[in-house]
Amino acid sequence: MSVETSIAYTTSDGKQFDDRQEAETHEQWLTDEQERREADRHRGWIVVAPKNWN
């Protein structure tokens with residue numbers, strides 16, 4: 001008899017990953033994206049993404 005375990009890593013935006021490295025990479029991207037948007041706002045830039053942007 002064997003027991004299977006599964007670990008899902010959930011990022012701050014609610015996405016789930018089976019791989020920890022993928023989750024950490026995505027989380028870093030979220031941080032970088034937030035910082036980029038804040039810097040753009042300080043410059044007075046407005047960034048508009050398509051509705052289906054993900």
Side-chain angles (χ1 to χ4, degrees):
M1 182 176 181
S2 66
V3 177
E4 290 187 33
T5 60
S6 176
I7 297 174
Y9 299 92
T10 304
T11 57
S12 61
D13 65 345
K15 292 190 177 189
Q16 290 191 345
F17 296 88
D18 294 333
D19 181 73
R20 179 179 177 172
Q21 184 62 45
E22 286 181 26
E24 289 175 351
T25 299
H26 181 73
E27 197 65 48
Q28 183 61 50
W29 178 85
L30 290 173
T31 301
D32 293 347
E33 182 68 8
Q34 182 178 5
E35 290 173 0
R36 184 194 60 78
R37 288 178 186 257
E38 186 62 29
D40 287 350
R41 274 193 286 276
H42 284 289
R43 291 184 193 104
W45 298 353
I46 298 173
V47 178
V48 179
K51 288 183 178 181
N52 61 350
W53 181 266
N54 283 343

Side-chain heavy atoms of [X] within contact of [Y], under 4.5 Å:
| X | Y | result |
| --- | --- | --- |
| T11 | E24 | no |
| D32 | Q28 | yes |
| L30 | D13 | yes |

Atom pair [atom1] ([X]) and [atom2] ([Y]), whose distance is rounded to the nearest 0.5 Å:
| X | Y | atom1 | atom2 | result |
| --- | --- | --- | --- | --- |
| T25 | D19 | OG1 | CG | 8.0 Å |
| S12 | H26 | OG | NE2 | 7.0 Å |
| E38 | R43 | CD | CZ | 11.0 Å |

Q. Any salt bridge between R37 and D40, counting N to O under 4.0 Å?
A. no
Q: Applying side-chain contact (heavy atoms from CB on, under 4.5 Å), name anything that partners Q16, two or more places apart in sequence or on another chain.
A: A8, T10
**Q.** Non-neighbouring partners of E22 that pass salt bridge (charged side-chain N to carboxylate O under 4.0 Å, His left out), sequence neighbours left out
**A.** none
Q. Minimum heavy-atom separation for F17 to A23, with atom names?
A. CD1-CA, 3.8 Å
